[in-house]
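A quick note: this is a predicted structure, and the numbers were derived from the prediction, not measured. Throughout, a chain's letter reflects where its sequence line sits, starting with A, and its residues are numbered from 1.
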Number of protein chains: 2
Amino acid sequence: MEQNIIVSVDVVLFTLSEGQLKIVLLRRERDPYAGQLALPGGYIHADKDRDSLASAERVLLNKTGLVSPYLEQLYTFSGGVRDPRGWSLSVAYYALVHESLLVPDAELRFELWPVAAVPDLPFDHNRIVDHAAKRLRDKSTYTSLPCHLLPELFTLTELQQTYEHILGVALDKSVFRRKLPELDFLEAVPDAIRQGKHRPAQLYRLRPDRRLTIFDKTV
Amino acid sequence: MEQNIIVSVDVVLFTLSEGQLKIVLLRRERDPYAGQLALPGGYIHADKDRDSLASAERVLLNKTGLVSPYLEQLYTFSGGVRDPRGWSLSVAYYALVHESLLVPDAELRFELWPVAAVPDLPFDHNRIVDHAAKRLRDKSTYTSLPCHLLPELFTLTELQQTYEHILGVALDKSVFRRKLPELDFLEAVPDAIRQGKHRPAQLYRLRPDRRLTIFDKTV
DNA sequence: GTTTGTTATTTTCATATTACCACTAACAAA
DNA sequence: TTTGTTAGTGGTAATATGAAAATAACAAAC
């Protein structure tokens with residue numbers, strides 16, 4: 001049976017930089033659209049990849065050097081007009097990573113673009129980005145997702161600011177902190193207290209067994 | 001480029017029957033697994049289908065006669081071990097429909113099975129069903145989704161019972177009704193009052209522009 | 001006609017939760 | 001010792017919730 005469908009994965013990789021939600025874009029090496037900024041992506045290799053998640057991991061590793069950030073399937077985009085090469089199907093993923101893990105490299109030339117100002121992208125990549133940003137914002141209202149944009153250890157204030165940056169709204173400090181016992185995806189790291197110029201703050205980490213914790217109600 | 005990936009769609013079609021959430025299964029006509037119960041599904045036809053949603057609509061029409069029930073992409077399942085024919089990828093959809101639209105037909109031989117007692121299915125169809133049931137239950141806590149399991153017009157009591165059947169918990173009557181102004185996906189149909197043996201009830205319909213209304217908080 | 005049974009819909013009210021704002025605590029540097 | 005800044009806690013009025021009772025509208029029985 002001959003289907004002639006191009007099957008690929010694309011990844012929207014989010015990070016938080018300068019108080020803004022940004023995504024990773026890179027210049028395409030090959031046609032179509034060689035030289036243009038686009039999402040990291042690539043063909044699914046039936047001989048190499050266990051499943052499409054493995055394809056996404058491979059693409060992330062090859063194009064950004066990342067090993068295991070938070071990675072979740074987003075949506076599958078398909079049709080005859082999205083790629084000039086013909087009918088295509090792309091399983092889109094989105095990933096979250098702390099800025100510090102995006103190390104510039106001579107080999108890997110990627111760029112960070114604010115979600116609020118993503119340029120025109122080839123294929124239907126703008127649609128994919130919009131879809132991913134919406135998913136991230138929606139899910140951030142009731143899950144622990146934003147933790148993955150922070151470093152291993154972080155303070156409650158930093159976590160609250162992360163939620164605020166993603167959601168674009170100010171949250172109440174005492175409400176946010178009162179919710180924490182309920183949201184038991186955090187664990188305080190007793191020995192680690194961040195010293196700064198001012199009052200030191202308790203450091204927390206995301207519990208490894210709670211990488212995606214869902215809570216009812218809103219943050 | 002030769003990928004040798006089988007690309008298909010599968011649909012989990014839900015309905016509410018005898019107070020139970022059920023899905024449509026049908027006997028496979030062809031190998032592999034000819035004669036076994038499985039989800040309605042089929043290849044994506046790059047020459048016929050605008051996109052994978054169109055494939056799902058076509059499959060639903062051909063195998064169940066349904067035209068436009070609520071239909072939403074669920075998840076994409078892929079890998080080398082799910083189909084004996086080789087590396088395959090299936091874009092799974094789920095659909096909701098009122099029981100009355102599932103008309104038995106000499107041509108279309110499908111069966112209704114309670115979600116709570118789905119038999120062993122070929123491929124990874126049990127996994128797909130579980131995923132769909134979870135999605136439906138989760139989303140029913142904060143959306144208007146359950147409306148699609150009801151007929152065009154329904155009473156508030158019927159709507160509440162539908163939520164209760166899906167979620168498997170009893171809901172408070174007055175709380176449910178108080179939420180309605182907030183949940184403005186319903187519109188009362190002033191002329192239509194259902195007459196029964198007892199006090200007649202106001203009939204409502206789902207606002208056509210609010211087929212999937214999301215509300216924060218829980219039902 | 002009146003009563004009774006049943007379902008629809010609203011009201012009441014005690015309790016729990018939330019939003020908002022003010023307060024106290026701990027540190028460095030002036 | 002004072003001041004500035006960030007961390008963390010408390011108090012309260014408004015709002016939402018959960019449980020139950022009250023009221024309303026009908027058919028059928030009496």
Q: Specify the separation, in whole Å, of atom NZ of B/K173 and atom P of C/dA8.
A: 8 Å
Q: Measure the distance from CG on B/L203 to P on C/dT7 and round it to the nearest whole Å.
A: 17 Å
Q: Listed by chain and number, what are the ring pair (Phe, Tyr, Trp, His ring centres under 6.0 Å) partners of B/H148, not counting sequence neighbours?
A: B/Y70
Q: Does the side chain of A/S174 pick up a donor-acceptor pair with the side chain of A/D172 at under 3.5 Å?
A: yes
Q: Quick one: does any side-chain atom of B/T155 pair with a main-chain N or O of B/L203 as donor and acceptor, under 3.5 Å?
A: no
Q: Below 3.5 Å, does any donor atom in the side chain of A/R199 face an acceptor in the base of C/dA26, or the other way round?
A: no
Q: Distance check needed: C/dT18 P versus A/D216 CG, whole Å only.
A: 9 Å
Q: Under the ring-ring contact (aromatic ring centres under 6.0 Å, His included) criterion, do A/H131 and A/Y94 qualify, and how do the steps go?
A: CA-CA 10 Å; A/H131 203 100; A/Y94 74 107; 9.7 Å; no
Q: N/O contacts under 3.5 Å, protein versus nucleotides 28-30 of chain C?
A:
unit_1 : atom_1 : unit_2 : atom_2 : d
C/dA28 : O4'    : A/K197 : O      : 2.4

Q: Any sub-3.5 Å donor-acceptor pair from B/Q160's side-chain atoms to B/L171's backbone N or O?
A: yes
Q: Just the endpoints, please: which first and last nucleotides of DNA chain D, 5' to 3', lie under 4.0 Å from a heavy atom of chain A?
A: D/dG4 to D/dG11
Q: May I have the distance from B/R178 (atom CZ) to C/dA8 (atom P), rounded to whole angstrom?
A: 18 Å
Q: Going by purine N1 to pyrimidine N3 plus the second Watson-Crick contact, or the G-U wobble pair, all under 3.5 Å, which nucleotide sits opposite D/dA28?
A: C/dT3
Q: In whole Å, what is the span from the CD atom of B/Q202 to the P atom of C/dT9?
A: 7 Å
Q: Say whether B/T15 and B/E99, considering side chains only, have a donor N or O and an acceptor N or O under 3.5 Å apart.
A: no
Q: Atom CD of B/Q160 and atom C1' of C/dT9: how far apart are they, to the nearest Å?
A: 12 Å
Q: Look at all strands and tell whether B/T155 reaches a base, only sugar-phosphate, or nothing, counting heavy atoms closer than 4.0 Å.
A: nothing
Q: Within this structure, what is the CG-to-P distance between A/D172 and C/dC21, rounded to whole angstrom?
A: 9 Å
Q: Counting only side-chain N and O atoms of B/S174, is one of them less than 4.0 Å from OP1 or OP2 of C/dT10?
A: no
Q: Short question: side chain of B/D51, backbone of B/L53 - any donor-acceptor pair under 3.5 Å?
A: yes
Q: Should we count NZ of A/K179 as having more than 12 external heavy atoms under 6.0 Å?
A: yes
Q: Which sits closer to the 5' end of DNA chain C, A/P200 or A/V219, going by the nucleotide each is nearest to?
A: A/V219
Q: Before we go on, tell me: are the rings of B/F77 and B/F123 under 6.0 Å apart, centre to centre?
A: no
